[in-house]
Protein chains: 2
Amino acid sequence: MKDTQKIIEEVNKIFVAYLEKKELRKTPERFAILEEIYTRGGHFNAENLYIDMTNKNYRVSRATVYNTLELLVECDLVTKHQFGQNLAQYEKSYGYKQHDHLICTTCHKVIEFCDPRVQNIQSMISELLKFNILHHSLVFYGECQRDNCENKVTA
Amino acid sequence: MKDTQKIIEEVNKIFVAYLEKKELRKTPERFAILEEIYTRGGHFNAENLYIDMTNKNYRVSRATVYNTLELLVECDLVTKHQFGQNLAQYEKSYGYKQHDHLICTTCHKVIEFCDPRVQNIQSMISELLKFNILHHSLVFYGECQRDNCENKVTA
DNA sequence: CTCGGTGCAAAGCTTTTGCATCCGC
DNA sequence: GCGGATGCAAAAGCTTTGCACCGAG
């Protein structure tokens, strides 16, 4: 896996290119948010991100966090998920292989997996239904086997 | 396709059995909501359902609608979806073959499709990752080819 | 200097909750 | 009659919006 600093440089370039193409301003807040996202790991939500940035004494507003997340989703640097709750979850996507998710309905743990057949289905459906599919979301819900998962201790 | 009245009788029986098993009360509101869901077609949200019932002069509260939807999801008579917005969408599930969804990101039209390979992936992942998968959600997002879809008229 | 972006707080929307009342059992 | 269910309204939680100010181009 590439060094984090190198990845941040790469995503910065992509973001700059996107902002220029759309004639949007390159504000320090936008880059700070991008950097924070690529420094942390795993899934997060807008509030997490906002809190963590303020804890690091980087002052941003929630409005800017939401606005920037939207831009990052548009240029494919961040993926947005709606895992069944009314709370959007985000995850960095550059440099990551395509994957889908498995969620424990008891302990809410999120596991990632890859299966190339999903792409095959996508291509076939796309052609069959004359639909230009841009992305997908596949989530399996069930019970995991973690020792500390509630579904093991309760009957 | 079976006659609506017959289906309603069947789902009523299933709901009664569920309520009895869980020792919950068979209130008229619960059955009225179930009937309304199985009388209408397509996808809907809690507010739709609430408004439509009050328009028909059937008085229910939002609290009861939400509560009953949860029960119906638990006994598999209704499926709950989170199609990317912060608004839960529901759909009746009894008598319907398993299917997944294709959503137009421009006009928000929802199309259903079936592909048996999704079940194969589910079984394999379930075994491979030792995860007791109970259900899944597969959604493809893209642009449809409807004549009146915005993505056809705008460049 | 201009006008898009930010920060802040208020508003919006969906969903949940508290509590008095009601009614299935 | 008891205790769960309902109705109503208020509250909660995430996200969006309005507006004054700021700063990138």
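Letters A, B, ... mirror the listed sequences (proteins, then strands); counts begin at 1.
- On the nucleic acid side, DNA chain D contacts chain A at distances under 4.0 Å to non-hydrogen atoms, with the end points of that region at D:dC14 to D:dG25.
- Taking five base pairs at each end of the helix from C:dC1-D:dG25 to C:dC25-D:dG1, the local helix axes there meet at an angle of 30°, rounded to 10°.
- The environment of CD in A:Glu70 is sparse: at most 12 heavy-atom neighbours from other residues, nucleotides or ligands sit within 6.0 Å.
- With respect to A:Lys56 and A:Glu36, a salt bridge is recorded, a charged nitrogen being found less than 4.0 Å from a carboxylate O.
- Ionic pairing of A:Glu9 and A:Lys13 is not present here: no N-O contact between side-chain nitrogen and carboxylate oxygen is shorter than 4.0 angstrom.
- With rounding to whole Å, B:Gln82 atom CD is found 12 Å from C:dT14 atom P.
- Residue whose closest nucleotide on DNA chain C sits further toward the 5' end, between B:Glu47 and A:Tyr50: A:Tyr50.
- Remark: A:Leu24, A:Arg25, A:Thr27, A:Glu29, A:Arg30 in residues 16-36 of chain A come within less than 4.0 Å of DNA chain C through at least one heavy atom.
- Using a distance-only test at 3.5 Å, with no hydrogens or angles considered, a donor-acceptor pair links the side chain of B:Ser61 to the main chain of B:Thr64.
- Residue B:Asn45 is out of contact with every strand shown, counting any heavy-atom pair closer than 4.0 Å.
- Remark: the backbone N or O of A:Glu143 is not paired with any side-chain donor or acceptor of A:Thr105 at under 3.5 angstrom.
- The interatomic distance linking B:Phe15 (CZ) with C:dG24 (P) rounds to 15 Å, in whole Å.
- OP1 or OP2 of C:dC8 has at least one side-chain nitrogen or oxygen of A:Arg59 nearer than 4.0 Å.
- Straight-line distance from the CD atom of B:Gln85 to the P atom of C:dT14: 11 Å, rounded to whole Å.
- Salt bridge A:Glu47/A:Arg62: present, at least one basic N to carboxylate O contact under 4.0 Å.
- Between B:Lys26 and B:Glu20 a salt bridge is recorded (basic side-chain N to carboxylate O distance below 4.0 Å).
- For B:Tyr66, no side-chain nitrogen or oxygen approaches OP1 or OP2 of C:dT16 to under 4.0 Å.
- Using a cut-off of 4.0 Å between Lys/Arg side-chain N and Asp/Glu carboxylate O, B:Glu29 and B:Arg59 are scored as not salt-bridged.
- Put simply, A:Ser61 has no side-chain N or O that comes within less than 4.0 Å of OP1 or OP2 on C:dC8.
- Taking the ring axis of B:Tyr38 as reference, the NZ or CZ atom of B:Arg40 does not stay both within 45° of it and closer than 6.0 Å to the ring centre.
- Two residues are said to be in side-chain contact when any heavy atoms from C-beta on lie closer than 4.5 Å; B:His101 and B:His43 meet this criterion.
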Would B:Asn86 and A:Gln82 satisfy side chain to side chain donor-acceptor pair (under 3.5 Å), going step by step from the backbone distance to the final call?
CA-CA 8 Å; B:Asn86 279 9; A:Gln82 245 9 106; 3.1 Å; yes
